[in-house]
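By convention in this document, chain letters (A, B, ...) are assigned in the order of the sequence lines, proteins followed by strands, and residues within each chain are numbered from 1.
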Amino acid sequence: MTLSTEHLPLARKEGLLIERLSDEVLVYDLDRKKAHCLNQAAALIWDHCDGKTRVEEMARILQKELDAPADEELVHFGLREIGKKNLLDKNYFVEREKNKFSRRELIKRIGLAASVPLVMSVLAPKATAVASCVKPCADATQCSSPCTQCVAGMFA
Amino acid sequence: MKKLDRLVWAAGLSFNAYGVRVGLRANTEGAFRLAAEYLPPDAKPSAYAEVERLYSFVLGGEARGSKLRRYHMLYANEVQLARTFDLEHALRSFEDDSQFYIAEAAPRRVFVHAGVVGWRGRAVLIPGRSFSGKTTLVAELVKAGAVYYSDEYAVLDAKGLVHPYTRPLGLREEGSTKSERHSIESLGGTRGRRPLPVALVVVTEFKAGARWRPRRMTAGQGALALLNNTVSIKSRPAAAFPVLKQAASQAPFLKSARGEAREVIDSILSELEHVS
């Protein structure tokens, strides 16, 4: 997989809530109701997706900031990860033909898992999924908010 | 609603809990006293007649001199929540629904489904879904000397402080899904009164025979664990998201499956000694 040279990577700005922790970045996608946590490497790449910074330059920044080996492959991998989560501008085009390194191969190459870009995601739960139901029930027809099913004589 | 309004209501109350105005009315004084036992934590009588949600409770049962049994009925605004001969079911429906409504609607608080105890002026959060063993762990920590804050919701403010939500503990008997309400005092514990900063978050779930092997989560991973248990994240993400980040950035997170609750208490308390 390679990236188009026509457009430089640009981070998506619309419809996101962004919170910064010391090394990581938390992103909440208002459209998809998903939260993401970008580790330090992914956050560095995403921060430099300004439509001006080239991949080679990102690799240099990564190497300096993480004090670990980083090359263009690592940045491409990070861009793919970030792109998969819809955190890049939709006009940024990712070619999908030439597949390169997997996360595991990159960790083997670099020798440091923390330096490999990682984006963890969680789908926002339904409000009813995070409430305890403590009352007894006979069958599902008795279910009412916030309980949705009747399991072994108790609402769940 | 008009049909309900035409019924005779013997007693009623307007109350405020965590900034949400709720009303309760009942068809007899006795019914009102019964339902009032199930008011949400922190419910304070309010002078406002206008409420966001009105619960109407009709106590049924057998009428004097008649063999007819009438249903116990519960409504939230005009929506019927319960129509049952089982009084406990009707009252628990009121309890569940009012607590849940307040958790989602509270304007200045974020409710995370979690057990909470206080330890030397700081809070331990145990986020998790139903049946993950939160209440059991909370009860064991209380027996070990922790102050009870909640077995249902960690109530967070904008500074990331945890407020008490001291409803009775819903302890389930072993091998049963049925829970019994226990006051914290009956377990020899005390309830927290003031908001606390978060000292530790324990992301855990009971699995029979599991070994406790805690590993640290990063603050970002921890924030996702809290978010995954936040009631209002879908409805009010802009309010909830910064609060979760705030809470996540002030405390370490531990994650592990666990076996019996008493087997992990020492490890949690020892971790607290390090972070205090």
Side-chain angles (χ1 to χ4, degrees), chain A residues 15-43 85 113-114 118-139 141-156, chain B residues 74 76 79-84 86 88-93 95-97 99-101 103-104 111-113 127 129-131 134-135 151-153 170 172 176-181 218-225 227-235 237-238 240-242 244-246 248-249:
Chain A
L16 299 179
L17 299 173
I18 301 165
E19 292 288 341
R20 289 179 186 276
L21 291 156
S22 57
D23 291 335
E24 301 159 299
V25 173
L26 290 169
V27 182
Y28 185 81
D29 187 331
L30 292 162
D31 302 332
R32 292 169 181 83
K33 317 266 185 219
K34 260 188 175 182
H36 308 286
C37 170
L38 283 67
N39 74 352
Q40 190 181 10
K85 309 290 181 178
L118 175 69
V119 184
M120 287 179 67
S121 305
V122 163
L123 190 64
K126 278 186 188 170
T128 49
V130 287
S132 288
C133 300
V134 289
K135 54 187 185 284
C137 59
D139 58 57
T141 58
Q142 293 185 335
C143 294
S144 59
S145 163
C147 312
T148 52
Q149 42 180 327
C150 187
V151 180
M154 292 294 289
F155 281 115
Chain B
L74 178 74
V79 177
Q80 188 184 85
L81 294 183
R83 178 175 178 267
T84 175
D86 182 346
E88 176 78 357
H89 173 234
L91 294 170
R92 292 266 183 128
S93 295
E95 181 181 45
D96 278 353
D97 192 85
Q99 289 184 7
F100 177 69
Y101 179 78
E104 201 175 16
F111 284 64
V112 178
H113 200 216
R129 301 290 171 90
S130 291
F131 300 99
K134 294 186 309 290
T135 303
D151 79 332
E152 179 70 358
Y153 292 122
R172 294 189 174 97
S176 165
T177 52
K178 199 169 185 177
S179 73
E180 294 289 333
R181 287 154 50 103
T218 67
Q221 291 165 350
L224 292 189
L227 182 142
N228 199 26
N229 289 285
T230 300
V231 179
S232 60
I233 189 66
K234 263 192 167 169
S235 55
F241 202 52
L244 298 178
K245 176 251 173 179
Q246 182 65 28
S249 57

Segment of A:Leu30 engaging chain B (4.5 angstrom heavy-atom cut-off) |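 The answer is the side chain of A:Leu30.
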
Part of A:Ser22 within contact of chain B (heavy atom distance under 4.5 Å) =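 Neither the backbone nor the side chain of A:Ser22 comes within 4.5 Å of chain B.
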
Distance-minimising heavy-atom pair for [X] and [Y]:
X	Y	value
A:Pro125	B:Arg129	CB-NH2, 3.5 Å
B:Glu104	A:Ala127	OE2-CB, 3.5 Å
A:Leu123	B:Asn228	O-OD1, 4.1 Å
B:Leu224	A:Ala35	CD2-CB, 3.8 Å

How long is the gap from CG on A:Leu26 to CG on B:Leu244, to the nearest 0.5 Å?
->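 Between atom CG of A:Leu26 and atom CG of B:Leu244 there are 9.0 Å.
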
State the OG-NZ distance between B:Ser235 and A:Lys33, to the nearest 0.5 angstrom.
->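 Separation between the atoms: 9.0 Å.
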
If you count the non-hydrogen atoms of other residues, nucleotides and ligands that lie under 6.0 Å from NZ in B:Lys234, is the total more than 12?
->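 It does: B:Lys234 NZ has more than 12 such atoms within range.
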
Option that, when pairs with chain A are counted at under 4.5 Å, heavy atom only, ranks first among B:Lys245, B:Gln221, B:Gln99 =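 Of the candidates given, the most pairs with chain A belong to B:Lys245.
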
So which of A:Leu38, A:Asp23, A:Val27, A:Val25 has the largest heavy-atom pair count under 4.5 angstrom toward chain B?
->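 Winner by heavy-atom pair count: A:Val27.
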
A:Leu118: partners by side-chain contact (heavy atoms from CB on, under 4.5 Å), with sequence neighbours left out |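 If we apply the side-chain contact (heavy atoms from CB on, under 4.5 Å) test to A:Leu118, skipping adjacent residues, the hits are A:Asn39, A:Arg103, A:Met120.
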
Tell me, do A:Ile18 and B:Phe241 make a side-chain contact under 4.5 Å, heavy atoms counted?
->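 No, too far: nothing below the 4.5 Å cut-off.
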
